[in-house]
Number of protein chains: 2
Amino acid sequence: MVRKKRARPSSYSGSITIDDVADMAGVSTATVSRALSSPGLVARDTRERVLEAVRNTGYIPNVAARSLRAARSKLALVVFPTCITPFFSELLIGIENALSAEGYGLITGSLLERPERETQLVHLVAAKQVDGVILLNGQMIRSDTLRVDQLDVPIVAVGVPGKSDIPSVLIGEREGAAAVAWHLLELGHRTFGYVTGAPGYVDDERWGGFTEVLTEAGIAVSEIVRYPGDFTGASGIGAGLQFIESSKRPTAVFAISDMMAIGFMKTLREAGISVPADVSVVGFDGIEFTAFCEPELTTIRQPSEVMGFEAARLLIELVQEKTIPADERSKTLGTELVIRESTAPPSR
Amino acid sequence: MVRKKRARPSSYSGSITIDDVADMAGVSTATVSRALSSPGLVARDTRERVLEAVRNTGYIPNVAARSLRAARSKLALVVFPTCITPFFSELLIGIENALSAEGYGLITGSLLERPERETQLVHLVAAKQVDGVILLNGQMIRSDTLRVDQLDVPIVAVGVPGKSDIPSVLIGEREGAAAVAWHLLELGHRTFGYVTGAPGYVDDERWGGFTEVLTEAGIAVSEIVRYPGDFTGASGIGAGLQFIESSKRPTAVFAISDMMAIGFMKTLREAGISVPADVSVVGFDGIEFTAFCEPELTTIRQPSEVMGFEAARLLIELVQEKTIPADERSKTLGTELVIRESTAPPSR
DNA sequence: ATGAAAGCGCTAACAG
DNA sequence: CTGTTAGCGCTTTCAT
């Protein structure tokens with residue numbers, strides 16, 4: 001089959017290749033390629049002729065060919081946890097902002113409680129379909145034979161503290177949780193509850209920061225009532241139920257996610273227990289809805305969009321120059337205690 | 001440079017190609033390719049030998065090469081609206097479920113209020129980087145020279161009713177809004193408010209279904225108080241402010257998104273106006289928060305995850321066999337009126 | 001049922 | 001500064 005020599009600007013349909021542009025501009029394909037990728041290497045007027053031809057033909061480089069040849073796809077994979085809360089949507093916005101500014105695309109993947117998804121996602125990486133990975137979930141993804149952190153692709157984790165040496169964007173988890181403890185202590189609380197997250201590093205850190213301050217204030221850790229949770233609103237409701245059924249009721253409860261705090265408050269409200277009059281509640285994350293619920297939730301705000309943005313920036317640096325000084329391979333951002341209506345001095 | 005002839009299973013690092021597998025299995029690359037893509041064309045034992053070699057080498061096909069050759073990427077683009085509400089996260093889950101089940105990956109893109117993003121996204125399509133597009137935003141994306149709906153790539157729109165002939169997954173917008181009207185009428189309401197969405201088809205349809213029923217019930221459309229909104233919680237607060245400041249206060253208000261309804265209720269609550277005692281409020285979408293706010297919101301639930309799933313299924317069919325009977329190119333799903341605490345008979 | 005060979009569209013040496 | 005050339009890794013006729 002003979003390829004047409006002149007492109008038809010009227011249609012975008014794929015058949016316009018670099019050859020067409022080269023023909024029209026009267027240069028070689030190499031020059032076209034250079035004019036597009038490394039403008040500095042091409043003479044001014046040649047470049048303009050090429051650009052003109054690009055415009056006339058409606059040429060758009062074929063990404064597959066470029067990826068194959070250049071061995072990079074300009075695509076990043078973002079792995080979500082099973083449960084996608086609004087917090088992650090906000091992260092995503094920051095990520096996309098940074099990525100798209102540098103011409104990178106964004107493949108998303110979540111595990112969706114289907115184990116084979118893990119393998120699929122790792123294969124995406126192994127197949128060189130993506131240049132880098134942003135991990136939003138604590139549970140490291142792995143599959144039978146492949147582990148994502150063993151692939152030679154840059155990885156950035158977000159909000160997963162711990163001893164891992166993966167470049168990360170973190171927040172001051174301990175400091176945030178400590179601020180909650182101080183705030184509650186200042187209000188005069190002496191008995192505390194804590195709604196846990198699904199087991200993992202975040203929970204450890206927040207628990208650590210929370211208890212450390214309380215311990216210093218003379219509160220016995222064993223006296224803190226722990227309600228099991230998994231970050232979801234539903235688990236917050238469960239925690240609320242436990243609170244109600246138990247005779248041991250702390251006057252202040254710290255739920256380490258906003259959704260849990262909101263579910264918790266809802267259960268208490270229905271049981272006729274007033275927040276903050278009877279019990280103070282604090283969340284963690286700072287999602288939009290905390291300003292809309294009743295009462296408005298006191299919480300620790302994470303700079304979610306910034307976190308996403310920084311993570312993507314870090315990844316791009318990693319992709320481009322594989323050598324980042326060890327001390328710059330992680331960033332820790334601060335959090336902010338947002339005091340609203342759900343906390344008050346204890347009534348007794 | 002000489003390519004290594006034997007692959008090293010101990011590393012995933014890219015260099016294992018189809019040649020390595022062919023060598024190890026003692027067959028040609030063509031056979032390996034067939035054994036993997038069209039198993040039927042290869043003799044049983046040959047195939048097994050190939051599979052064995054694949055396992056031993058840890059071979060993973062290079063997607064770029066495959067895309068280039070096969071002229072398809074097994075990637076779909078999902079375009080989000082500027083404002084990502086939890087409703088869209090739910091859609092995304094359904095989409096990813098359907099896509100990943102068929103081995104398709106998922107590129108996401110949103111406009112992010114930056115006009116040049118439009119061009120970027122359209123280029124993604126034009127560059128053949130994706131096999132299909134799912135449009136979650138009403139505002140058709142277009143750029144100076146390219147329009148996404150003119151590219152020869154299958155497109156599916158979700159929740160964008162109207163005369164467009166783009167294959168779509170829709171919900172019964174009119175019926176849903178009509179159900180709201182019936183519900184309110186049945187409760188005895190005779191004065192109504194309506195919080196609009198950003199201008200577009202959804203608003204037209206919902207307004208149409210809502211007013212049609214009210215008109216039949218003898219309510220003059222001109223008597224319905226319209227509060228401008230844009231789907232966000234913030235705009236719901238604005239609507240609430242307008243409600244409060246006006247002397248003309250309907251006893252029932254229909255906000256066409258849950259976030260607006262929630263913001264609206266919050267404003268009233270702060271002004272000491274009780275929902276539903278003083279005014280009934282109904283939302284639309286059925287996001288998770290509606291069950292957590294105070295009072296729990298009466299709303300129209302859209303089957304978001306199913307919508308996403310169906311949209312992706314439709315897209316896959318479109319991608320695979322480009323001929324779908326016209327009457328199967330769109331699906332309309334039903335909605336459900338969820339009656340909760342925010343609606344009650346008017347007090348007067 | 002299998003192999004040989006020809007590219008898909010692009011980039012990067014290497015010359016000139 | 002620009003052109004020639006040689007593939008990137010895979011699929012797919014066309015033979016056998």
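Because only heavy atoms are used, hydrogens play no part in the values below, and waters and symmetry mates are left out as well, while side chains stay in. So that the names make sense, note that chain A is the first sequence line, chain B the second, and so on, each numbered from 1.
Map B:R47 and B:A70 each onto its nearest nucleotide of DNA chain C; the residue landing nearer the 5' end is B:R47. When the nearest nucleotides of DNA chain C are assigned to B:V42 and B:L68 by heavy-atom distance, the more 5′-ward of the two goes with B:V42.
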All N/O pairs under 3.5 Å across the protein-nucleotides 3-6 of chain D interface:
| from | atom 1 | to | atom 2 | distance (Å) |
| --- | --- | --- | --- | --- |
| D:dG3 | OP2 | A:S28 | N | 3.0 |
| D:dG3 | OP2 | A:S28 | OG | 3.3 |
| D:dG3 | OP2 | A:T31 | OG1 | 2.6 |
| D:dG3 | N7 | A:R34 | NH2 | 2.8 |
| D:dG3 | O6 | A:R34 | NH1 | 3.1 |

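Judged by distance alone, the side chains of B:S73 and B:D131 do bring a donor and an acceptor atom under 3.5 Å apart. B:E96 and A:S110 form a side-chain donor-acceptor contact under 3.5 Å, judged by distance and modelled atom types alone.
If you measure from atom CG of A:L36 to atom P of C:dT11, you get 8 Å, rounded to the nearest angstrom. Atom CG in B:D19 sits roughly 12 Å away from atom C1' in D:dG7 (whole-Å rounding). Note: CD1 (B:I18) to C1' (D:dG7) measures 16 Å, nearest angstrom. Rounded to whole angstrom, the span from the CZ atom of A:R72 across to the P atom of C:dT11 amounts to 8 Å. Rounding to whole angstrom units, CD of residue B:Q129 and C1' of C:dG9 are separated by 14 Å. Between A:E48 atom CD and D:dC1 atom P there is a gap of 14 Å when expressed in whole angstrom units. If you measure from atom NZ of A:K128 to atom C1' of D:dC8, you get 13 Å, rounded to the nearest angstrom. To the nearest angstrom, P of D:dG7 lies 18 Å from CG of B:N62.
To the nearest 0.5 Å, atoms CG (B:N62) and CD (A:Q129) are separated by 9.0 Å. To the nearest 0.5 Å, the span separating CG on A:L314 from CZ on A:R329 amounts to 8.5 Å.
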Side-chain donor-acceptor pairs under 3.5 Å in residues 37-48 of chain B, sequence neighbours left out?
| from | atom 1 | to | atom 2 | distance (Å) |
| --- | --- | --- | --- | --- |
| B:S37 | OG | B:S33 | O | 3.3 |
| B:R44 | NH1 | B:E48 | OE2 | 3.1 |

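Contacts of B:S37 with the nucleic acid, taken as non-hydrogen atoms under 4.0 Å apart, involve only primed sugar atoms and P, OP1 or OP2.
Taking 4.0 angstrom as the limit, A:T17 places none of its side-chain polar atoms (N or O) nearer than this to OP1 or OP2 of C:dG9. The side chain of A:R66 contributes an N or O atom lying less than 4.0 Å from OP1 or OP2 of C:dT11.
The end-to-end axis angle of the helix from C:dA1-D:dT16 to C:dG16-D:dC1, rounded to 10 degrees and based on five pairs per end, is 30°.
A salt bridge is defined here as a Lys NZ or Arg NE, NH1 or NH2 lying under 4.0 Å from an Asp or Glu carboxylate O, and B:E52 with B:R55 meets this definition.
Residues in residues 100-109 of chain A take part in these salt bridge (Lys or Arg N to Asp or Glu O under 4.0 Å) pairs, two or more places apart or across chains: A:E102-A:R313. Each salt bridge (Lys or Arg N to Asp or Glu O under 4.0 Å) pair with one or both residues in residues 29-38 of chain A, not counting sequence neighbours, would appear here, but there are none.
The side chain to side chain contact (heavy atoms under 4.5 Å, CB included) check on B:A101 picks up nothing, with sequence neighbours excluded.
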